[in-house]
Asker: 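Below: one structure in structure tokens.
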Amino acid sequence: QVQLVESGGGSVQAGGSLRLSCAAFGVTQCTNDMSWYRQAPGKLREFVSTIDDYNRTSYADSVKGRFTISRDNAKSTLYLQMNSLKPDDTAMYYCKSEGCKYWGQGTRVTVSS
């Protein structure tokens, strides 16, 4: 079992930056492949980015070139650096353990124009 705790959300103006963190507690095998998803009000949850145990990454087209996923295994923490934020990035952001299918509770990001 693993517990995922996100932090770092907040309110910023368009063009600003935020860095989200996801601290993992529990079974390390559950944190080999980790991802970020987001859910905007009234919309389905969507994939944002993923990173595997070899630090290979992939991104949704909507965030490519603006967001960067990374991890610090020593701290059991996943990050999402978000730059050049747009109002369309407003959502709850969730981290997910892809191996064990656990979700964090989410952290809210609001981008104003």
Asker: Hey, what do you get for SG (C30) to NZ (K101), rounding to the nearest 0.5 Å?
Answerer: 11.0 Å
Asker: With a 4.5 Å limit on heavy-atom distance, are the side chains of I51 and L78 in contact?
Answerer: yes
Asker: How close do A14 and P87 get, counting heavy atoms only, and between which atoms?
Answerer: CB-CD, 4.1 Å
Asker: Not counting sequence neighbours, which residues clear salt bridge (Lys or Arg N to Asp or Glu O under 4.0 Å) with D33? List them please.
Answerer: none
Asker: Please tell me if the side chains of F47 and S58 come closer than 4.5 Å, counting only heavy atoms from C-beta onward.
Answerer: yes
Asker: If you take all heavy atoms of S97 and L4, which pair is closest and at what distance?
Answerer: N-CD1, 3.6 Å
Asker: Would you confirm whether S84, through its side chain, and G15, through its main-chain N or O, come within 3.5 Å as a donor-acceptor pair?
Answerer: no
Asker: For residues V12 and S17, report the shortest heavy-atom separation together with the two atoms involved.
Answerer: CG1-O, 4.0 Å
Asker: Could you check if a side-chain atom of M92 sits within less than 4.5 angstrom of a side-chain atom of V109, using non-hydrogen atoms only?
Answerer: no
Asker: State which residues pass side chain to side chain contact (heavy atoms under 4.5 Å, CB included) with S11; sequence neighbours excluded, sorted by chain then number.
Answerer: T110
Asker: Which pair of non-hydrogen atoms, one from P41 and one from T90, has the smallest distance, and what is that distance?
Answerer: CD-O, 4.3 Å
Asker: Would you sort out whether Y37 and W103 count as a ring pair (Phe, Tyr, Trp, His ring centres under 6.0 Å), showing the intermediate values?
Answerer: CA-CA 10 Å; Y37 289 75; W103 293 89; 5.0 Å; yes
Asker: What salt bridge (Lys or Arg N to Asp or Glu O under 4.0 Å) pairs are there with at least one residue in residues 67-76, not counting sequence neighbours?
Answerer: none
Asker: Determine, for D61 against K64, whether the closest basic-nitrogen to carboxylate-oxygen distance falls under 4.0 angstrom.
Answerer: yes
Asker: Just checking, any donor-acceptor pair under 3.5 angstrom between side chains of R38 and Y93?
Answerer: yes
Asker: Just checking, any donor-acceptor pair under 3.5 angstrom between side chains of S35 and E98?
Answerer: yes
Asker: With a 4.5 Å heavy-atom cut-off, do L20 and M82 have their side chains touching?
Answerer: yes
Asker: Using every non-hydrogen atom in the two residues, find where L18 and G9 come nearest and quote the distance to one decimal.
Answerer: CD1-C, 4.5 Å
Asker: Please answer whether the main-chain N or O of I69 pairs with a side-chain N or O of S49 as donor and acceptor at a distance below 3.5 Å.
Answerer: no
Asker: If we only count heavy atoms from C-beta on, is the E6 to W36 side-chain gap below 4.5 Å?
Answerer: yes
Asker: Quick one, Y94 and Q39 - any side-chain contact, counting heavy atoms below 4.5 Å?
Answerer: yes
Asker: Count the heavy atoms of every other residue, nucleotide or ligand shown that sit under 6.0 Å from CD of Q13, and state whether that count exceeds 12.
Answerer: no
Asker: Are the side chains of S7 and T107 in contact, using a 4.5 Å heavy-atom criterion?
Answerer: no
Asker: Going by heavy atoms in the side chains, are F67 and L80 under 4.5 Å from each other?
Answerer: yes
Asker: First locate atom NZ of K86, then atom OG of S113, and finally report the distance between them rounded to the nearest 0.5 Å.
Answerer: 13.5 Å
Asker: Stepwise, does the side-chain contact (heavy atoms from CB on, under 4.5 Å) test hold for T68 with Y59?
Answerer: CA-CA 8 Å; T68 303; Y59 298 90; 3.9 Å; yes
